[in-house]
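What follows is one structure encoded as structure tokens, with my remarks underneath.
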Amino acid sequence: MNIHEDIQEILRRMIDTQRYAVLATNDQGQPYTSLMAFAATKDLKQIILLTERRTQKHANLKSNKRVAILIDNRENSGTDTKDAIAITAIGEAEEVAADCCANLLDLYLARHPYLKEFSLLPTCAVVGVKVSSYMVVRQFQLVVEWRTGQ
């Protein structure tokens, strides 16, 4: 197994087991973070999020598409420096057009069925993040980047 296959396996395992991530947006130079339920496409090239259109994060996404998403498996224990994995997905976010979002929304709701009612609100936006790269940090300081080839 080469390093890229290993990293892809780590990414898939983390994305399959972690249900929430931290979305980082930008408001005129001020970082802004939000805890989000997420799903990802099988090829790892896109992360799907839902948000209300009346939120600060949605306003931030409209003014600056560039985002970072942190996915980690920490347990708040002393062994986290050795055992925890943190992944930062870097990409561009955009609300998905209504005629294109059915498959992405189905993927999201298969992972988060308890958010179906929220997804049906007229103010709910399906946001797709086109991931350009993932930074994977293991064992506290072992860092590897994987580019999606978008």
Side-chain angles (χ1 to χ4, degrees), residues 2-75 80 84-138 141-150:
N2 69 40
I3 186 75
H4 294 290
E5 290 170 340
D6 185 41
I7 292 304
Q8 288 178 45
E9 180 59 34
I10 290 169
L11 287 168
R12 283 189 184 91
R13 185 175 66 243
M14 288 285 291
I15 287 170
D16 287 347
T17 60
Q18 303 305 310
R19 301 178 86 54
Y20 300 94
V22 176
L23 170 69
T25 60
N26 185 309
D27 180 21
Q28 300 176 12
Q30 176 62 52
Y32 184 85
T33 58
S34 306
L35 187 60
M36 307 288 294
F38 77 95
T41 56
K42 193 170 197 133
D43 63 6
L44 304 174
K45 291 184 178 186
Q46 193 167 22
I47 293 175
I48 302 99
L49 310 166
L50 297 185
T51 187
E52 280 267 355
R53 289 187 182 94
R54 299 177 294 210
T55 62
Q56 181 65 52
K57 75 176 123 343
H58 190 267
N60 293 354
L61 293 172
K62 295 290 275 181
S63 68
N64 184 347
K65 295 179 181 185
R66 295 176 57 203
V67 299
I69 299 172
L70 176 70
I71 305 164
D72 74 302
N73 66 351
R74 69 195 136 132
E75 296 180 2
D80 280 348
I85 298 172
I87 295 169
T88 301
I90 306 292
E92 292 191 354
E94 190 166 32
E95 185 171 344
V96 179
D99 59 338
C100 299
C101 76
N103 289 341
L104 294 177
L105 184 56
D106 287 346
L107 176 67
Y108 184 92
L109 291 176
R111 186 169 169 90
H112 302 284
Y114 49 88
L115 291 173
K116 182 171 181 136
E117 190 173 315
F118 175 69
S119 76
L120 297 173
L121 294 173
T123 56
C124 181
V126 177
V127 175
V129 177
K130 291 182 181 171
V131 179
S132 58
S133 66
Y134 289 92
M135 300 299 294
V136 180
V137 181
R138 298 181 287 168
Q141 58 189 352
L142 177 60
V143 181
V144 177
E145 179 181 21
W146 182 71
R147 295 194 170 273
T148 62
Q150 291 247 14

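As the structure is a computational prediction, the values presented were derived from the model and not from experiment. Quick note: residue numbers are just sequence positions, from 1.
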Residue pair Met14 / Ile71: nearest heavy atoms and the distance that separates them: CE-O, 4.0 Å

With side chain to side chain contact (heavy atoms under 4.5 Å, CB included) as the test, pick out the partner of Thr41 among Val131, Ile47, Leu104, Asn103. Leu104

Please step through side chain to side chain contact (heavy atoms under 4.5 Å, CB included) for the pair Ile85 and Arg13, ending with a clear verdict. CA-CA 11 Å; Ile85 298 172; Arg13 185 175 66 243; 4.0 Å; yes

Indicate the atoms forming the closest heavy-atom contact of Pro113 with Ala110, along with that distance. CD-O, 4.0 Å

For a quick test of reading the model, state the closest non-hydrogen atom pair linking Ile15 to Tyr134 and the distance between them. CD1-OH, 4.1 Å

Step-by-step side chain to side chain contact (heavy atoms under 4.5 Å, CB included) determination, Val143 to Met135: CA-CA 7 Å; Val143 181; Met135 300 299 294; 3.6 Å; yes

Classify the ring geometry of His112 against Tyr114: parallel below 30°, tilted from 30° to 60°, perpendicular beyond 60°. perpendicular

Using modelled atom types only, decide if a donor and an acceptor are shared between the side chain of Arg53 and the backbone of His58 within a distance under 3.5 Å. no

Taking every heavy atom of Gly128 against every heavy atom of Gln46, the minimum-distance pair comes out as CA-NE2, 3.5 Å

Closest non-hydrogen atom pair between Ala39 and Tyr108, with its separation: CB-CA, 3.8 Å

Looking only at heavy atoms, which two atoms of Ala84 and Asn73 are closest? And how far apart? CA-OD1, 3.3 Å

What distance separates Leu70 CG from Leu35 CG, expressed to the nearest 0.5 Å? 10.5 Å

Take Arg66 and Asn26 through the side chain to side chain contact (heavy atoms under 4.5 Å, CB included) test and state the conclusion after the steps. CA-CA 8 Å; Arg66 295 176 57 203; Asn26 185 309; over 6 Å; no

When rounded to the nearest 0.5 Å, the distance separating CD of Gln8 from CG of Leu11 is 7.5 Å

When you look at Asn60 and Thr55, which way does the side chain to side chain contact (heavy atoms under 4.5 Å, CB included) test go after all the steps? CA-CA 9 Å; Asn60 293 354; Thr55 62; over 6 Å; no

dist Lys42:NZ -> Leu107:CG (nearest 0.5 Å) comes out at 10.0 Å

Thinking salt bridges, do Glu94 and Lys65 make one under a 4.0 Å N-O criterion? yes

Enter the distance from Glu92:CD to Ser132:OG here, rounded to the nearest 0.5 Å. 7.5 Å

Let me confirm one number: the CD-CG distance from Gln56 to Leu61, rounded to the nearest 0.5 Å. 10.0 Å

Would you say Thr148 and Lys130 make side-chain contact, with heavy atoms under 4.5 Å? no

In this structure, are over 12 heavy atoms from other groups packed under 6.0 Å from Arg19 atom CZ? yes

For the atom pair SG (Cys124) and CG (Leu105), what is the distance rounded to the nearest 0.5 Å? 7.5 Å

